[in-house]
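Note sheet for the following structure.
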Amino acid sequence: MSNLRSIRGMNDIFPEEVRYWQRLESTVSDLLANYGYGEVRFPIVEHTELFRRSIGEVTDIVEKEMYSFDDRNGDNLTLRPEGTAGCVRAAIQKGILNTPQRLWYAGPMFRHERPQKGRQRQFHQVGVEAFGVATPDMDAELIVLTARLWHQLGIADAVELQINSIGNAQTRKRHCTALVEYLERHVDELDEDSRRRLQSNPLRILDSKNPVTQALLDNAPALPDFLDDESAADFSKLCELLGRAGVSFVLNPRLVRGLDYYNKTVFEWVTNKLGAQGTVCAGGRYDGLVEQLGGKSTPGVGFAMGMERLVLLVAELGLSATTFARADVYVVSVGDRAQGLALETVEGLRDILPGYRIVQHVGGGSFKSQMKKADKSGAKVALIWGDDEVDSATVTIKPLRRDVDTGQIGQQNLPLAELEAALVDALTE
RNA sequence: GUGGCCGUAGCUCACCAGGUAGAGCACCGGAUUGUGACUCCGGAGGUAGCGGGUUCAAGACCCGUCGGCCACCCCA
């Protein structure tokens with residue numbers, strides 16, 4: 001048995017939970033369609049090179065979290081750790097970036113991290129990418145769209161929008177230099193992790209959860225002070241548009257993102273209901289990525305939402321999943337003759353009433369045990385066939401969900417010809 | 001990758017100075033012959049995650065391993 005377990009961090013999802021997923025997925029796809037986005041599907045596996053070049057060589061994802069392997073040709077492939085790279089690659093390859101594109105996709109991503117609540121090794125994202133528009137109205141649309149989604153899901157009160165602009169490459173370079181210079185004067189006050197990052201990725205020190213480090217950062221060179229004119233103008237335009245759309249936000253000058261390809265606008269929707277894994281949706285602008293991956297210079301903005309985290313949130317305090325009964329009708333039959341008649345009649349019913357969920361009892365058993373199954377199925381009515389019904393060419397129809405008050409059985413025996421009408425009547429109250 | 005807590009029937013848990021496992025729920029069957037939900041009766045189901053060690057004896061103690069949770073790291 002020990003060998004036959006699922007891979008660590010890769011979970012099975014059963015019907016009861018899948019209800020929430022389906023609810024979430026359909027809400028998302030309807031919303032995106034309403035905003036004019038088209039769904040794209042591309043492979044889960046790509047050349048490792050694609051991720052190295054887009055995400056960044058020195059990021060944790062590339063350095064230690066990718067599921068990479070050699071295929072039989074000797075090519076080194078990787079299970080996608082995120083979706084943007086593959087989406088960009090696909091868009092370039094298809095040659096559709098000569099005009100603006102609004103795209104989205106959904107599916108599993110893979111990162112070899114330590115599993116935790118809201119963090120799996122196979123997890124699922126919905127990603128949304130907009131290509132070919134450099135102006136901040138595009139950024140605004142994406143954010144506004146997510147805000148609407150939270151309302152539709154009933155979790156708007158549980159999430160907060162944080163935004164920032166990290167400017168262009170020069171901005172970050174100049175800020176980074178100043179930051180490093182400042183921090184090096186205070187190395188002794190830095191925590192161990194931050195000291196390490198001073199060499200590898202100084203910007204990420206801004207993210208530190210260490211209170212001492214955060215206090216130190218209060219007097220550090222702040223990124224917004226280094227912003228180039230265009231980034232600053234675009235950012236204030238974005239803030240203005242968000243205001244017009246009624247989307248409130250928090251400016252977080254220390255918000256940086258982990259992937260190398262971001263520039264200008266970055267944003268995160270966070271919640272405090274999920275413990276340490278509070279980011280539910282995050283993204284930003286990546287104007288250089290398309291060119292970096294071999295396409296013509298094309299601006300882009302996008303974001304990804306973590307489905308597992310959203311499911312947790314929605315299940316806890318959002319819309320309840322549609323109440324789920326496995327059946328409308330449960331078919332009970334005892335005896336070979338009855339079984340045959342039941343199957344024949346029910347298949348006829350499925351032709352006439354295709355929308356009904358009709359569960360046929362299988363596996364035999366007494367009337368009593370079949371009735372128990374009928375009850376547990378959640379069905380509103382049971383159709384019953386036994387020798388009596390066969391002999392008289394009838395069916396017994398029994399309501400299962402009448403209020404408990406009247407002890408009356410309320411079942412009736414009908415000619416087969418009247419079944420359809422009686423069933424429709426019983427199921428439409 | 002690091003640290004802390006945890007791992008007993010399908011589920012939630014208990015017992016026990018270390019002496020070869022129990023409850024509730026769920027499941028199955030029955031309470032006169034073809035009928036559910038309530039009640040009553042009965043039944044099945046566990047190599048106590050796995051492996052090793054200490055001991056006359058371990059689910060209970062020790063080590064390892066796998067898995068879960070929480071935090072760090074990182075990120076959706």
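A, B, ... follow the sequence lines: proteins, then strands. Residue 1 opens every chain.
A 3.5 Å limit on both hydrogen-bonding distances identifies no Watson-Crick or G-U partner for G59(B). Checking A14(B) for Watson-Crick or G-U wobble geometry (two distances, each under 3.5 Å) identifies no partner in any strand. Using Watson-Crick or G-U wobble geometry with both donor-acceptor distances under 3.5 Å, A9(B) finds no partner in any strand shown. Across every strand in view, G36(B) sits unpaired, with no contact that passes the Watson-Crick or G-U test at under 3.5 angstrom. Pair assignment for U20(B) gives none, since no Watson-Crick or G-U wobble pairing has each distance under 3.5 Å. The base-pairing partner of G1(B), taking Watson-Crick or G-U wobble contacts with both distances under 3.5 Å, is C72(B). The base-pairing partner of G64(B), taking Watson-Crick or G-U wobble contacts with both distances under 3.5 Å, is C50(B). Across all strands shown, C28(B) pairs with G42(B); the Watson-Crick or G-U wobble distances both stay below 3.5 Å.
Q162(A) has its CD atom 15 Å from the C1' atom of A76(B), to the nearest Å. Computed from coordinates, the I384(A) CD1 to G36(B) P distance equals 10 Å when rounded to whole Å. Spacing between atom CG of L383(A) and atom P of U35(B) amounts to 18 Å, rounded to whole angstrom units. For the pair E113(A) CD and C74(B) P, the computed distance is 11 Å after rounding to whole Å. Between F51(A) atom CZ and C75(B) atom P there is a gap of 16 Å when expressed in whole angstrom units. Rounded to an integer number of Å, the gap from L255(A) CG to C74(B) P is 14 Å. With rounding to whole Å, K368(A) atom NZ is found 7 Å from A31(B) atom C1'. Between the CD1 atom of I205(A) and the P atom of C72(B) there is a distance of 18 Å, rounded to whole Å.
Judged by closest nucleotide on RNA chain B, I7(A) is the one of A276(A) and I7(A) placed further toward the 5' end. Looking at which nucleotide of RNA chain B each of K373(A) and I61(A) is closest to, the 5′-most match is held by K373(A).
No contact: G283(A) has no heavy atom under 4.0 Å from any strand. Across all strands, V334(A) comes closer than 4.0 Å to no nucleic acid atom at all (heavy-atom distances). At the heavy-atom level, G365(A) lies nowhere under 4.0 Å from the strands shown. Within 4.0 Å of D387(A), counting heavy atoms only, lies at least one base atom of the nucleic acid. At the heavy-atom level, A304(A) lies under 4.0 Å from the strands shown only through sugar-phosphate atoms. Looking at heavy-atom distances under 4.0 Å, Q120(A) makes contact with a base.
The base of G36(B) sits within donor-acceptor range of the side chain of K398(A), with an N or O pair under 3.5 Å. The base of C69(B) is not paired with the side chain of R114(A) by any donor and acceptor separated by under 3.5 Å. Donor-acceptor pairing under 3.5 Å, judged by distance alone, is present between the side chain of E389(A) and the base of G34(B). Applying the 3.5 Å distance criterion, the base of C74(B) shares no donor-acceptor pair with the side chain of R257(A). At a cut-off of 3.5 angstrom, counting only N and O atoms as typed in the model, there is a donor on one side and an acceptor on the other between the side-chain of Q411(A) and the base of U35(B).
Rounded to a whole angstrom, the distance from the C1' atom of U39(B) to that of G51(B) is 48 Å. Taking atom C1' in both G59(B) and C16(B), the straight-line distance is 10 Å, to the nearest Å. When the P atom is compared between C38(B) and G45(B), the two are found 25 Å apart, to the nearest whole Å.
Taking a cutoff of 4.0 Å between a charged side-chain nitrogen and a carboxylate oxygen, R337(A) and D391(A) qualify as a salt bridge. Ion pairing between E192(A) and R195(A) fails under the 4.0 Å rule for side-chain N and carboxylate O. Between R111(A) and E82(A), none of the side-chain N atoms (NZ, or NE/NH1/NH2) sits under 4.0 Å from a carboxylate O, so this pair counts as no salt bridge. Salt-bridge annotation for K273(A) and E316(A): absent, with no side-chain N of the basic residue lying under 4.0 Å from a carboxylate O of the acidic one. A salt bridge is defined here as a Lys NZ or Arg NE, NH1 or NH2 lying under 4.0 Å from an Asp or Glu carboxylate O, and D207(A) with R257(A) fails to meet this definition.
Of all nucleotides listed (A37(B), G34(B), A76(B)), G34(B) comes nearest to the side chain of T396(A). For R197(A), the side-chain atoms get nearest to C74(B) when compared with the rest of A71(B), G36(B), C74(B). Listed nucleotides: G36(B), A71(B), C74(B). Nearest to the side chain of K209(A): C74(B). Comparing A76(B), U2(B), G36(B) by their nearest atom to the side chain of K372(A) picks out G36(B). Here the side chain of P115(A) is nearest to one of U35(B), G68(B), G30(B), namely G68(B). Comparing atom distances between the E65(A) side chain and each of G34(B), C74(B), C75(B) picks out C74(B) as nearest. Taking only side-chain atoms of R204(A), from C-beta outward, the nucleotide of A37(B), A71(B), C74(B) with the closest atom is C74(B). Side chain of R119(A), nearest nucleotide from C28(B), C74(B), U35(B): C74(B). Residue K117(A) places its side chain closer to C70(B) than to any other of G30(B), A76(B), C70(B). Nearest to the side-chain atoms of D60(A) among the listed nucleotides G34(B), C75(B), C73(B) stands C73(B).
H175(A) contributes no side-chain N or O that, together with a main-chain N or O of A178(A), makes up a donor-acceptor pair within less than 3.5 Å. Between the side chain of T48(A) and the backbone N or O of L77(A), at least one donor-acceptor pair lies under 3.5 Å.
The closest side-chain donor-acceptor pair between N263(A) and N168(A), if any, does not fall under 3.5 angstrom. Residues E268(A) and T279(A) bring a donor and an acceptor atom of their side chains to less than 3.5 Å of each other.
Put simply, Q116(A) has no side-chain N or O that comes within less than 4.0 Å of OP1 or OP2 on C69(B).
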